[in-house]
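Here is the structure we will look at.
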Amino acid sequence: MKKIYIEGEINNVRVGMCQINLSDTLVETDDGKILKKNNPVVVYDTSGPYGDRTFNADFSEGLPRIRKSWYTRRKDIVHNPRNNSDAMSRSFFSAKEGKCITQMFYAKKRMITPEMEYVAIRENQQIEALGLKSYITPDFVRKEIASGRAVIPANINHLELEPMIIGSRFLVKINGNIAIGKAFSKSDAEKVRLNCCLGVDTLMDISREASYSLSREYLVRNSPVPVGTLPLYHALAKVGGRIEDLSWDVYRSALTEQLMQGVDFVSVHAAMKRKHLKMTTHRLTGIVSRAGRILAEWMSIHKEENFLNTHFPEICEIVGTYDAVISLGSGLRPGSIYDSNDKVQYAELTEMRELVEFAWENYVQVMAEGPGHVPMNKIEPYMKEYRYVCKGVPFFSPGMVTSDLAVGHEHIAAAIGGAQMAWYGASLIGGLKSQVDITDPERIRTDLLSYKIAAHSADLAKGHPGAQVRDNAFSKAKQENRETDWRKLSLSAFANL
């Protein structure tokens, strides 16, 4: 395997990919045996600089800031000095007052940003060199962003990021969860490296302590993939875990801090409303989402509407200032097969439509989350309803399982469900649930391999340009007994890193 870089033609971008070189095939002819060359296979690579053998990682310095030159001369962005807080160790960018800087805004203005060209090159995996055609051009990416059917989570402060895209017309992506220490350490950096080298496309930080603030910045600086968070966890930690003390002001502070650090997408459970709480009483497992339980208790204590819903306009304004993505969290997702596709799940989904429309009106990129425990026969009707209600926004299905009984093997049930969800339109799947699981390298490998298989299976079913190239090369190598080649081509090859 070899790291290669492809230069852009429109913008100053340099896209890293993995090239799998294959041995020659021995062919018998009338003139004797000859060697016939096999073309190398270029594959999507999430490892970033970690996959380059010449790169020497130093977590205290972070990764190379490949996007810095994209922003330093822009007139719609302000370069702010370090704000002397414990959560920031360097200066940061933000939108100039009165300016809109989001990918959606530029897409609607018919401008192809460096991020758009970057992801177009990544998605195509150099298949043109094999004589294959692809509809994924930089302008196609622009159109999908403009329509809201795709998002590029790329905070302008995540300078180390290698941009990627989430949308149903693109490769299915997988998410991995990560929890970091109070002081970012070499072992935390190794967690990031392992996840990225194993093929994770996004990292969701599920750390729950306020003291993790500066650690989160180092997480971003050492990650070549988008980093997501749940600002509600950070807000709750700021008030010592006392749900009754949560407020919009506390949440706004947590959200702003994380976006200044470079977080690329934030899970916001704004579609869950007070009127939904009574609807959960019939459920077998009630509200299983931690964020959902927090907000349900807060609404019950204060007898007020969910502050994430009432302050959604302000959330959009803050997120847009840094060109991040809002992921509409599913606080009422079903926690059992018995509760799947019930009225409260669909009620929350319906509320998402209004939030999606508002975000689009303000050029803010948005995606939706769901749905939890759902048996296979109920996946298609749910996804059909989602596509209609949420107007085709990218769908994130974290850890969805098709059976309650897969104890210790949830990754299998999640892969089964994830493959079907992706076939019906989900764009981002996967995500371990507990902080215990994500400290075990072997569990990480097993889970991510399951999700990679699910995602690739959906890519084949969808007919993504070039998706079958790797399979064809693998089968040819198998048939010709080129064991070294077919092992390198298999999806399990990355699991041995």
Side-chain angles (χ1 to χ4, degrees), residues 10-12 65 67-85 87-88 90-118 138-139 141-148 150-159 161 163 165 217 220 226 229 231 248-266 268 270 307-328 354-367 393:
I10 304 171
N11 297 286
N12 182 26
R65 301 175 189 180
R67 298 172 66 212
K68 186 174 183 179
S69 63
W70 301 0
Y71 305 129
T72 50
R73 296 182 181 179
R74 276 177 50 173
K75 297 187 187 215
D76 55 356
I77 288 176
V78 177
H79 190 200
N80 305 284
R82 180 177 178 271
N83 66 356
N84 295 320
S85 80
M88 297 291 294
R90 67 180 183 186
S91 57
F92 63 97
F93 293 106
S94 62
K96 186 177 287 186
E97 187 174 354
K99 296 291 185 179
C100 185
I101 65 166
T102 67
Q103 295 294 317
M104 189 176 212
F105 174 77
Y106 284 118
K108 287 183 177 291
K109 295 293 183 182
R110 299 182 179 276
M111 293 179 64
I112 295 175
T113 64
E115 289 85 355
M116 294 175 197
E117 183 181 20
Y118 197 105
D139 194 56
V141 171
R142 180 195 65 76
K143 290 176 181 177
E144 289 295 289
I145 296 294
S147 72
V151 298
I152 298 178
N155 188 317
I156 56 174
N157 290 307
H158 192 172
L159 304 178
L161 175 74
I165 194 164
E217 184 190 326
V220 170
T229 60
W248 162 243
D249 288 339
V250 174
Y251 184 89
R252 178 178 55 196
S253 173
L255 174 64
T256 303
E257 177 184 302
Q258 292 187 2
L259 293 170
M260 287 166 56
Q261 291 176 324
V263 167
D264 302 288
F265 65 101
V266 287
V268 180
F307 61 83
L308 299 182
N309 184 277
T310 56
H311 289 278
F312 192 71
E314 292 99 315
I315 292 173
C316 286
E317 181 180 359
I318 295 169
V319 171
T321 299
Y322 304 94
D323 191 18
V325 171
I326 294 175
S327 184
L328 295 173
E354 183 178 337
L355 301 178
V356 166
E357 291 175 340
F358 184 89
W360 283 353
E361 288 170 6
N362 291 273
Y363 305 107
V364 175
Q365 297 183 95
V366 62
M367 58 183 179
V393 297

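We're numbering straight along the sequence, starting at 1.
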Can you tell me if Gln365 and Gln103 form a side-chain donor-acceptor pair at under 3.5 Å?
-> no
Might you work through the side chain to side chain contact (heavy atoms under 4.5 Å, CB included) test for Met367 and Phe265, ending with a clear yes or no?
-> CA-CA 10 Å; Met367 58 183 179; Phe265 65 101; 3.8 Å; yes
Would Ile145 and Ile165 satisfy side chain to side chain contact (heavy atoms under 4.5 Å, CB included), going step by step from the backbone distance to the final call?
-> CA-CA 9 Å; Ile145 296 294; Ile165 194 164; 4.0 Å; yes
May I ask you to decide if Lys75's main-chain N or O and Lys96's side chain share a donor-acceptor pair within less than 3.5 Å?
-> yes
Distance (rounded to the nearest 0.5 Å) between Cys316 SG and Trp360 CH2 | 12.5 Å
State, yes or no, whether a side-chain contact exists between Arg65 and Arg90 at a heavy-atom distance under 4.5 Å.
-> yes
Spacing of CG belonging to Asn362 relative to CD1 belonging to Ile315, to within rounding of 0.5 Å | 12.5 Å
Main-chain N/O of Ala150 paired to Glu144 side chain as donor or acceptor, under 3.5 Å | no
CD of Glu317: more than 12 outside heavy atoms within 6.0 angstrom?
-> no
Closest heavy-atom contact between Asp264 and Pro226?
-> OD2-CA, 3.2 Å
Is a donor on one side and an acceptor on the other found under 3.5 Å between the side chain of Arg252 and the backbone of His311?
-> no
Should the ring pair Phe105 and Tyr363 be called parallel, tilted or perpendicular, given that the plane angle runs from 0 to 90° and is split at 30 and 60?
-> perpendicular
Asn155 side chain to Asn157 main-chain N or O, any donor-acceptor pair under 3.5 Å?
-> yes
So, does His79 use its side chain to make a donor-acceptor pair with the main chain of Thr72 at under 3.5 Å?
-> no
Kindly indicate, with the supporting measurements, whether the criterion side chain to side chain contact (heavy atoms under 4.5 Å, CB included) is fulfilled by Leu259 and Thr321.
-> CA-CA 9 Å; Leu259 293 170; Thr321 299; over 6 Å; no
What do you reckon, is CD of Glu314 surrounded by more than 12 foreign heavy atoms closer than 6.0 Å?
-> yes
Look only at the side chain of Trp70 and the backbone of Asn12, and say whether a donor-acceptor pair between them is shorter than 3.5 Å.
-> yes
